[in-house]
Amino acid sequence: MKRGLRFGFAVALVATIAALVAGCMASQGGGAAGSAAQKVYVKPGEKDAYYAFLSGGHHGNVYVYGIPSCRHITTIPVFTPEPAVGYGNDEESKAMLGGYTWGDAHHPGLSETDGDYDGRWLFINDMPNARIARIDLKDFKTRQIFGPIPNVSAAHACPFPTPNTEYVFAASRFSVPVPNRDVRVEDYAKDFRGIIAGVKVDPKIGTMSLGFEILMPPFDWDLADAGKGPSHGWEFFTCYNSEMAYDSLEIKASQNEMDYFAAVDWRAAQKAVDDGKATMVNGAPVLDPVKVKGIAYLIPVPKSPHGVDVDPSGQYVCCSGKLQAEVSVYSFAKIKAAIDAGKFEGEKMGVPTLKFEDCLEAKVPVGLGPLHTQFDNKGNAYTSLFLDSQIAKWKVGPPWNVVDKIDVYYSIGHLMASEGDTRHPTGDYVVALDKLSKDRYLNVGPTHPEAAQLIDLRGPKMELLYDFPTYLEPHYAQMIKAEKLKPITVYPLAENDKPGNIKRAEDIRVERKGNRVDVYGLVVRTHFSPDIVRVNQGDEVYFHWTNLEQDDDIAHGFGILWSSKNMQVEPGETKTMHWTAEKAGINPFYCSNFCSALHQEMQGYIEVRPRGTPQASVVRPDARTIAELNALLAAR
Ligand code: RUQ
Ligand code: CUA
């Protein structure tokens, strides 16, 4: 009897604790079990579920974060030199930067196959110089910078890849005369034009090349997104300033009730170029919609739109007017029907305009300052509200209502959902990318970091999990399942065919032709071979270092004293660096990347003799040095 009572009490106690725990979880939003701290905690030694790629804004690079831990894992240099690793210092990356030392990167775009991120490449734009970079996700390195794309004046609506990465795009944020020439700004409406450029991507190796350009009215082309599913084959571009103002835009470009988004049939545009209907302008095939029909259409959007986002099904195109408290949702089927029926309201510089009512599906009253929309796997959309500093969650489909809101800190721009731009978002997280952090972090003076905030989407209500500061300035970002990426750990030496590579101690040499000196050297723990290089004052010296290591994470550096010359050479890699021997005397160099117990010993000397000192045309190491090096390599 006594025992039964005690048992009953124990059952009741367990039930009470369970209820308390459940209640506690519900108050946290009822997502995956556990506290916010537990949900972001990735144990030491364990790895994150997602890679997030955040644009570095006017820092010109890409930040890589792990989600949900929000740990900053690395920074990929893209449009801006990075002296720590020598990006912009070695000959290959210097050539790729093309003389630019600045870029403003806004929108990372992961490559897709069948509308899902495939983990092959990441594209990102440099707005002011209208360039697009391709980062290879095998080694997280920038491998191509395409541009400046002719005639495009600042590529903001860029790159927003199509579902099979057939194209990336670039549309003019500003308008200028095309071709650019001596005109007055007052002749803006007459002489200026926007450009929408379609850049082809080689399906096997990712190389970009220009496909077509379309001459557009001189509006400010702003953002883009690719159609998918039923809307595959189309790319959508918002614009503001359909008023065609050229000064005091903040007043004059907000007059019209409606601006537009453009729907571009990229297959038709490419076909028109292939059929010879383009005019070459500055080396680019430009299509003029006055003469070439069926490539672009304009659809009215209320009040200075910013973001345009296609839902995962590809049926709906969602545009937000910055000065309107609603998201306007358009039905692609309706747009297509109106185009097919030739139901146009008029035209702008040859581009037919459709009727607002013919294309609109719904208006969703989300709140003030809607900018961008992302999606989950349960039929919900999430719109960032800049003025309200909130995210609104709403139902895609009737009754098109807002079901939840969450405060963010502060002034959110873009937001990124897990696999959020694909046909299959995962619905795990959204990250708010806030323009202002104000009081959220330790004060570091007048300029605060930007703020990112991780929000759990798994419960019925959004739950704020974590704040993390980011350096200037993530505009947009994308998040991909970690399991989709399989980066290499070393460059296989056997596959190294880089110019200047050598793989055997016997091939080490210094070659001279006139005043050009080529040093073909090897680096391996813990030695530069050669570690003494003799040149003359005025020589142009090219160091080609091959790192013979085949061990994960054993990169060597090469830094030259009294210079800005430094680079990093990763395992199995060859890199070339140019240095001019300006002064006679001794000029040391060293390994700038801590590599081993004897890292500090990894150093050498350049002996710079006066001009005209006789030097052999080829210098090779002696037999003893080769034997020593071979012993070192064998012990590697
Ligand atoms: S932008 S805050 Cu440069 Cu993509 Cu919208
Ligand atoms: Cu090699 Cu430090």
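Everything numeric here is computed off the predicted structure, so don't read it as measured data. Counting starts at 1 for both ligands and their atoms, in listed order. This chain uses plain numbering: 1 for the first residue, then up along the sequence. Only heavy atoms go into these numbers, but all of them, side chains included; no hydrogens, no water, no symmetry mates.
Within H556, the N/O/S atom positioned nearest atom 1 (Cu) of ligand 2 carries the name ND1.
In the vicinity of H107, heavy-atom distances shorter than 4.0 Å reach the ligand 1 atoms 1 (S), 3 (Cu), 4 (Cu). Near H156, the atoms of ligand 1 lying under 4.0 angstrom from a non-hydrogen atom of the residue are 1 (S), 3 (Cu), 4 (Cu).
Side chain of S153 to backbone of S172: no donor-acceptor contact under 3.5 angstrom is found.
For R509 against I502, the heavy-atom pair with the smallest separation is NH1-CG2, 3.8 Å.
For D220, the side chain to side chain donor-acceptor pair (under 3.5 Å) partners are N241, not counting sequence neighbours.
In summary, the aromatic rings of Y51 and F140 are positioned with their centroids under 6.0 Å apart.
Each protein N/O/S atom under 2.8 Å from atom 5 (Cu) of ligand 1 was counted, for a total of 2.
You'll find the side chain of F237 reaches within 4.5 Å of the side chain of V264, heavy atoms only. Y382 is listed as a side-chain neighbour of M462, based on a closest heavy-atom distance under 4.5 Å.
Residues R131 and D126 are paired through a salt bridge, judged by an N-O separation under 4.0 Å between the basic side chain and the carboxylate. Under a 4.0 Å N-O distance rule, the pair E570/K141 qualifies as a salt bridge.
Among the atoms of M602, an N, O or S atom is found under 2.8 Å from atom 1 (Cu) of ligand 2. One of the N, O or S atoms belonging to C595 lies under 2.8 Å away from atom 1 (Cu) of ligand 2.
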